Amino acid sequence: METGSIPVEDLPGGFDLQSTVESGQSYLWRREDGRMYETTHAYGGSAWYYAVTDCEVVRARQRDGLLEWESTTDAESLLVSLLRLDDDLDAILDATPEDSLVETAYDEYRGMRIVRDPFFPCLVSFICSAQMRVRRIYDMQTALARRFGESVEFDGKTYHEFPTPTQLAAADESDLRALKLGYRAPYVRKSAELLASGEVTAEDVRGLPYEDARDAMQAFVGVGDKVADCVLLFALGYLEAVPLDTWIQSAIEEHYPHCDRGSYRDTSRAIREQFGGEYAGYAQTYVFHYLRS
DNA sequence: ATCCAGGATGTAT
DNA sequence: ATACATCATGGA
């Protein structure tokens with residue numbers, strides 16, 4: 001086992017591990033004690049979390065200004081990538097317009113960062129998110145990993161990686177329904193098949209201008225405007241993407257009624273401008289977490 | 001019991 | 001392009 005620590009206290013804008021991985025933007029991380037979403041700020045906020053990706057387990061906790069980690073291999077660059085520790089949060093705040101709701105949310109969860117999740121797990125988690133509570137989305141992803149993913153041994157325990165597109169494409173609908181995916185089961189299977197066959201790839205989307213990328217994402221099944229925005233924001237690094245979910249819709253009604261333009265596309269453009277454009281997704285994620293907590 | 005949860009799809013207009 | 005019913009599941 002390799003270990004290390006990353007000084008995060010002096011990163012521009014700081015860092016907050018708990019809000020980053022427990023704000024409903026990523027379904028990659030689990031708390032080591034299995035109490036995700038049951039209690040808040042356990043151990044003074046220094047609980048261990050783990051993620052499994054590329055057959056590697058990485059475990060991390062934040063304590064005394066450090067992000068301490070344990071892994072099968074050197075995990076520092078992986079953590080910088082997954083948790084976007086290279087984002088200049090101060091610059092992002094500076095680029096965000098004066099706005100009492102956004103500022104309140106930024107103050108409440110200072111240091112929370114957008115994640116950079118692996119594409120396929122992110123895609124599936126947000127396909128599953130349709131009409132579903134955050135806690136149950138977690139449970140579905142956990143069930144998929146246990147049932148279809150590779151087992152990885154680490155530190156005397158068995159962890160389960162999220163399945164590959166090929167692994168999920170090989171499942172049939174009844175297997176997925178047995179895991180309580182409900183009507184999302186065929187969406188997940190068909191989208192896995194599109195990736196497994198190479199008919200659609202993440203590279204077909206990555207690099208496109210934002211609105212083109214949002215359209216391209218809808219080649220997947222079970223992906224409309226909102227889920228497309230989530231994957232663009234939380235996996236592909238389109239920080240301007242603002243997923244218009246029910247929470248943000250009600251925030252628009254309440255705080256930004258002039259941004260409601262009827263259609264998703266036009267409302268999206270308006271709220272994106274309201275939130276400062278380039279980093280509008282950051283403001284969205286803070287507001288989402290603030291309103292939902 | 002009825003309503004709702006990080007919506008998308010198929011169909012009719 | 002927009003309006004509508006329909007789609008599982010569990011918790012309040």
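Reckoned from all heavy atoms, side chains included, excluding hydrogens, waters and symmetry mates. Since the model is a prediction, treat every value here as computed from it, not as a measurement. Just so it is clear: chains get the letters A, B, ... in the order the sequence lines come, proteins before strands, and each one is counted from 1.
Taking atom P on both B:dA8 and C:dG10, the two are 22 Å apart, rounded to the nearest angstrom. Straight-line distance between the P atoms of C:dA5 and B:dC3: roughly 14 Å, to the nearest whole Å.
Residue-level contact check: A:Q218 touches neither bases nor backbone, having no heavy atom under 4.0 Å from any strand. Nucleic acid contact for A:Y27: base, since at least one base atom lies under 4.0 Å from a heavy atom of the residue. Heavy atoms of A:K180 sit under 4.0 angstrom from primed sugar atoms or phosphate atoms, though from no base atom. Across all strands shown, A:Q284 has heavy atoms under 4.0 Å from base atoms, whether or not it also approaches the sugar-phosphate. Nucleic acid contact class of A:G224 (heavy atoms, under 4.0 Å, all strands): sugar-phosphate only.
Between the CE atom of A:M217 and the P atom of B:dG7 there is a distance of 16 Å, given to the nearest Å. One atom, CZ of A:R292, and another, C1' of B:dA5, lie 11 Å apart when rounded to the nearest Å. For the pair A:E173 CD and C:dA8 P, the interatomic distance rounds to 8 Å; values are reported in whole Å. The CZ atom of A:R133 sits 6 Å away from the C1' atom of B:dC4 (whole-angstrom rounding). Atom CD1 in A:I137 sits about 16 Å away from atom P in C:dT9, given to the nearest Å. Between the CG atom of A:L244 and the P atom of B:dG7 there is a distance of 11 Å, given to the nearest Å. Between the CZ atom of A:R189 and the P atom of B:dA8 there is a distance of 20 Å, rounded to whole Å. For the pair A:F288 CZ and B:dA5 P, the computed distance is 12 Å after rounding to whole Å.
Salt bridge absent: A:D155 and A:K157 never bring a charged side-chain N and a carboxylate O closer than 4.0 Å.
Ranking B:dT9, C:dT9, B:dG7 by closeness to the A:Q131 side chain, first place goes to B:dG7. Of the candidates C:dG11, B:dT9, C:dT9, C:dT9 carries the atom nearest the A:M132 side chain, counting heavy atoms from C-beta on. Taking the side chain of A:R184 as heavy atoms from C-beta on, and the options B:dA8, B:dT9, C:dA8, the nearest nucleotide is C:dA8. Closest to the A:S263 side chain, of the nucleotides C:dT2, B:dG7, C:dG10, is C:dT2. Distance from the side chain of A:K226 is smallest to B:dG7 among B:dT9, B:dG7, C:dA8.
With no hydrogens or angles considered, a side-chain donor-acceptor pair links A:R214 and A:S268 at under 3.5 Å.
Between the A:Y138 side chain and the A:Y27 main chain, no donor and acceptor come within less than 3.5 Å of each other.
The base-pairing partner of B:dC4, taking Watson-Crick or G-U wobble contacts with both distances under 3.5 Å, is C:dG10.
Side-chain atoms of A:Y183 come within donor-acceptor range of the base of B:dG7, with a qualifying N/O pair under 3.5 Å.
In this structure, A:S23 and A:G222 both approach DNA chain B, and ranking their closest nucleotides by distance from the 5' end singles out A:S23.
OP1 or OP2 of C:dA8 has at least one side-chain nitrogen or oxygen of A:R177 nearer than 4.0 Å.
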Test log, rule side chain to side chain contact (heavy atoms under 4.5 Å, CB included), inputs A:R31 and A:E22: CA-CA 9 Å; A:R31 247 171 69 171; A:E22 283 200 68; 3.6 Å; yes
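Using the six-membered ring where Trp is involved, A:Y256 and A:F275 have ring planes that are perpendicular, over 60° apart on the 30 and 60° scheme.
Between A:R113 and the options A:L11, A:D16, A:V8, A:L83, a side chain to side chain contact (heavy atoms under 4.5 Å, CB included) holds for only A:L11.
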